[in-house]
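The chains referred to below are lettered A, B, ... by the order of the sequence lines, with proteins before strands, and numbering in each begins at 1. Hydrogens, waters and symmetry mates are skipped; everything else that's a heavy atom, side chains included, is used.
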Number of protein chains: 2
Amino acid sequence: MAGLKQVQRQTGVALWRQIADRIREAISSGAYDETGMVPPETVLALQFGVNRHTVRSALAALAQEGIVRAVQGRGTLIERKERLNFPITRRTRFTAGIGDQAREMRGLLLDEAKEEASAEIARWLGLKPGEQVIRLETLRQADKRPVSRATSWFPAERFAGIGEAYRTGESITKAFAELGLPDYVRATTEVTAAHASAADMADLELTPGAILLIAKAMNTDLEGVPVQYSISRFAADRVQFTIEN
Amino acid sequence: MAGLKQVQRQTGVALWRQIADRIREAISSGAYDETGMVPPETVLALQFGVNRHTVRSALAALAQEGIVRAVQGRGTLIERKERLNFPITRRTRFTAGIGDQAREMRGLLLDEAKEEASAEIARWLGLKPGEQVIRLETLRQADKRPVSRATSWFPAERFAGIGEAYRTGESITKAFAELGLPDYVRATTEVTAAHASAADMADLELTPGAILLIAKAMNTDLEGVPVQYSISRFAADRVQFTIEN
DNA sequence: TATGGTTGTCTATATCAATAGACATTTTGA
DNA sequence: TCAAAATGTCTATTGATATAGACAACCATA
């Protein structure tokens, strides 16, 4: 399991942050499932080869994130530890994909705009650059916990009113259905990773240094005509993607 | 493009490192392709709202990575900027997948061991826990630049000698072929992201704070019998995954 | 060849990060 | 009820980080 060995000194990233990352990882890998607690501060300090105060800074950061809760005299309890699985297939849908892994799924519309397609968007949607597209900024939550922040583009002519449909249905699938598109398929998905920007940190309730999994996806209708291009930014410590071939 | 606006103060990560990350991203997004140079230090300092010395620390780190090169009197030149695309399909192969994006592809065998399958490995390979498996530690390079570090497990009985076959062939596909398995398919792939460990930083020539894309993959033969389970760790700034459905 | 724009170097100061040690406070269980 | 084990708080010191200003060195070009 997570070999909690010595940390090596790295410039530019505070030791307590590196240690916080290591402990967070150990927690989510289930290393402390037996006790439901993090080892005592003195033990962690010894394992990582740092001062106890440094470990305390790390644990304070994790407490701030809501991952652990310290109780004087008892120890430091682990609060949460789930990682949602997100299957990527031809029938990928965010809400259904998460399925029974969470009780309540919501999609919130943060912003809507009609704009001219950039060269890249036009290419993905099979339009000419400058044609009208609707851009939706959405935030997706699983049990009130933010999971991803997405920017989606739709051909404006075909999907007029999709913003309102999304706002009421709280999912792309329902919005498409309301606009007369009962079914669609995932054509391509590109996955990369990056550090979270300040804006994404705020929306996804992340802390500095957090990682994003970025999925650029294109959906088509059953005839293969592009209906949506989206760039979704997932909190990397809350999800994993599964590709079944 | 990459809106190089003010950085917001984040505890635990040095400002110069955050700025280095932002500039690296801007470079790889092609923001400075016209000039082939990063803007002057004074301009960057103004854009980010920090002191010029802080920008200099960031640029020094990027120079250390080989991404930029400062020339006194002229400016700071951009050295490299490629991101390899790695398609994930039923026929995913590392070497062929990279294909024409690099001239020379190599797979180096770092370590080989015969061991008992853990519960997880056994599950993936369809074995009983404790059955013998062969574990290979490999490093994959594109044009001498390390791209990924992988740990792979194979059923020991069926693939005895795969270590030697990999060492000479420098690819899994060739090693399989040599052992009488001319073809195989990718069954499942799970993608996550995490910070690089010290060991991976060394092997992949990464700098502190670097991100990994982690792909856990299972390959089967044409009858659907598992032949390989692997955990590959990619330098996130050097690759992207593409899933075509 | 002179000038403006650029990177390189130096000094100084304030704040943050990390270590070190001591002791208080709380919980659990013998 | 006491002792052990755990987290909480305080003081002090050192080195890394960030800002500020000034000037040197170098390059391109008008």
Distance, rounded to the nearest Å, where [X] contributes [atom1] and [N] contributes [atom2]:
| X | N | atom1 | atom2 | value |
| --- | --- | --- | --- | --- |
| A/Leu15 | D/dA16 | CG | C1' | 11 Å |
| A/Glu41 | C/dA24 | CD | P | 18 Å |
| A/Trp16 | C/dC16 | CH2 | C1' | 11 Å |
| B/Arg17 | D/dA16 | CZ | P | 15 Å |
| B/Leu44 | C/dT7 | CG | C1' | 13 Å |

If the sugar-phosphate is the primed atoms plus P, OP1 and OP2 and the base is the rest, what is the B/S/- string for nucleotides 20-30 of chain D, using protein heavy atoms under 4.0 Å?
-> BB---BBBS--
Output all residues satisfying side-chain contact (heavy atoms from CB on, under 4.5 Å) with B/Ser148, sequence neighbours left out; order by chain, then residue number.
->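 Testing B/Ser148 for side-chain contact (heavy atoms from CB on, under 4.5 Å), a comparison that skips the adjacent residues, returns B/Phe94, B/Arg140, B/Phe234.
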Excluding sequence neighbours, so at least two apart, what forms side-chain hydrogen bond (donor to acceptor under 3.5 Å, both in side chains) with A/Gln141?
->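 With neighbours one apart ignored, the set is empty.
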How would you list, by chain and number, every residue that makes a side-chain hydrogen bond (donor to acceptor under 3.5 Å, both in side chains) with A/Gln132, sequence neighbours excluded?
->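 For A/Gln132, no residue satisfies side-chain hydrogen bond (donor to acceptor under 3.5 Å, both in side chains) once neighbours in sequence are set aside.
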Can you find a side chain N or O atom of B/Thr76 that sits less than 4.0 Å from OP1 or OP2 on C/dT6?
->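 Answer is no, no contact under 4.0 Å.
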Can a side chain N or O of B/Arg56 be found less than 4.0 Å away from OP1 or OP2 on C/dT7?
->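 It does not, given that no N or O in the side chain of B/Arg56 lies less than 4.0 Å from OP1 or OP2 of C/dT7.
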List in chain and number order the residues that pass ring pair (Phe, Tyr, Trp, His ring centres under 6.0 Å) with A/Tyr166, two or more places apart in sequence or in another chain; answer none if no residue qualifies.
->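 With sequence neighbours excluded, A/Tyr166 shows a ring pair (Phe, Tyr, Trp, His ring centres under 6.0 Å) to no residue whatsoever.
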With A/Trp153, which of A/Ile231, A/Ile134, A/Leu127 fulfils side-chain contact (heavy atoms from CB on, under 4.5 Å)?
->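 Between A/Trp153 and the candidates, side-chain contact (heavy atoms from CB on, under 4.5 Å) is satisfied uniquely by A/Ile231.
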Not counting sequence neighbours, which residues clear salt bridge (Lys or Arg N to Asp or Glu O under 4.0 Å) with B/Arg167? List them please.
->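 Once residues adjacent in sequence are excluded, the partners of B/Arg167 under the salt bridge (Lys or Arg N to Asp or Glu O under 4.0 Å) criterion are B/Glu164.
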